[in-house]
Amino acid sequence: MLAAWLLVHHDTGPVALPAPSGHRAAPGPESPAPENPSPPAPGRTDRPGPGASDPPLPEIPGTGVLRQGDSGHGVYELQVRLQQIPGLYDGGAIDGRYDAEVRAAVTLFQRRYGIRGDESGVYGARTRFALMLRTK
């Protein structure tokens, strides 16, 4: 949910981080300097014209659909979460590979908790949401 919100409501401006406790932050400028200090030429804007598409957003790790044959950090996190639910993936490998054993655990989770909307054994948005609600 947070990742989806961040994708929609992202702010590319500077972020002010709090100073560590016991330290004073160095004073910064009253307002940040503009990224492009020169104004656009008359009749031009910095925004793309009608019909132009926004550039694709970067993939946030762990938010895509995962299925058998996939590998990587997202699968690793899935395996860790599956082990937190007794009887799903007890003793399963935490190696970042979505194999038949991970698929069987995802299928069992979907059946046990009545998850609908994702293909059986596929870790999609609804399965991810349900698993995240039940694990850390």
Side-chain angles (χ1 to χ4, degrees):
M1 294 292 285
L2 175 61
W5 182 87
L6 288 172
L7 287 174
V8 174
H9 297 45
H10 69 284
D11 180 5
T12 58
V15 176
L17 298 175
S21 60
H23 293 85
R24 289 192 54 183
E30 290 291 322
S31 62
E35 289 181 30
N36 183 2
S38 60
R44 290 196 44 167
T45 65
D46 289 339
R47 302 193 55 86
S53 63
D54 290 331
L57 295 172
E59 179 74 21
I60 295 175
T63 60
V65 173
L66 298 173
R67 57 179 34 94
Q68 189 168 348
D70 289 342
S71 62
H73 187 73
V75 178
Y76 174 88
E77 289 183 359
L78 168 61
Q79 292 169 323
V80 168
R81 287 183 184 273
L82 288 171
Q83 280 198 347
Q84 294 177 32
I85 304 209
L88 280 185
Y89 191 63
D90 297 335
I94 307 293
D95 59 6
R97 292 192 302 243
Y98 201 123
D99 58 13
E101 189 178 5
V102 173
R103 185 179 195 282
V106 170
T107 300
L108 180 58
F109 175 78
Q110 290 168 328
R111 287 182 184 156
R112 185 182 290 179
Y113 294 98
I115 310 303
R116 305 261 189 267
D118 290 335
E119 184 181 337
S120 179
V122 173
Y123 190 56
R126 292 181 184 217
T127 306
R128 178 184 310 279
F129 182 72
L131 185 60
M132 290 179 84
L133 286 176
R134 292 168 174 84
T135 59
K136 299 180 199 181

If you look at every heavy atom in V65 and G124, which pair is closest and at what distance? CG2-CA, 4.2 Å
Would you name the heavy atoms of L82 and A105 that are closest together and state the gap between them? CD1-CB, 3.9 Å
Nearest 0.5 Å, what's the CD-CG distance between Q110 and D118? 6.0 Å
Between the CZ atom in R81 and the NZ atom in K136, the distance rounded to the nearest 0.5 Å is 11.0 Å
Please determine whether the number of non-hydrogen atoms from other residues, nucleotides or ligands lying under 6.0 Å from atom CZ of R112 exceeds 12. yes
Can you confirm whether L131 sits close enough to V106 that some side-chain heavy atom of one is under 4.5 Å from a side-chain heavy atom of the other? no
Shortest non-hydrogen contact between E119 and R67, atoms and distance: OE1-NH2, 3.8 Å
If you measure from the Lys or Arg side-chain nitrogens to the Asp or Glu carboxylate oxygens, is any gap between D99 and R97 under 4.0 Å? no
Describe, in one word, how the ring planes of Y113 and F109 are oriented to each other, choosing from parallel (under 30°), tilted (30 to 60°) and perpendicular (over 60°). tilted
If every non-hydrogen atom of Y123 is compared with every non-hydrogen atom of Y98, which pair is closest and at what distance? N-OH, 3.6 Å
Closest heavy-atom pair, V122 versus T127, reported as atoms and distance to 0.1 Å, is O-OG1, 3.8 Å
Examine distances only and state if a side-chain atom of Q79 and a backbone atom of A93 form a donor-acceptor pair shorter than 3.5 Å. yes
Spacing of CD1 belonging to I115 relative to CZ belonging to R126, to within rounding of 0.5 Å: 9.5 Å
So, for A130 and R134, which heavy atoms are closest and what is the spacing to 0.1 Å? O-NH1, 2.9 Å
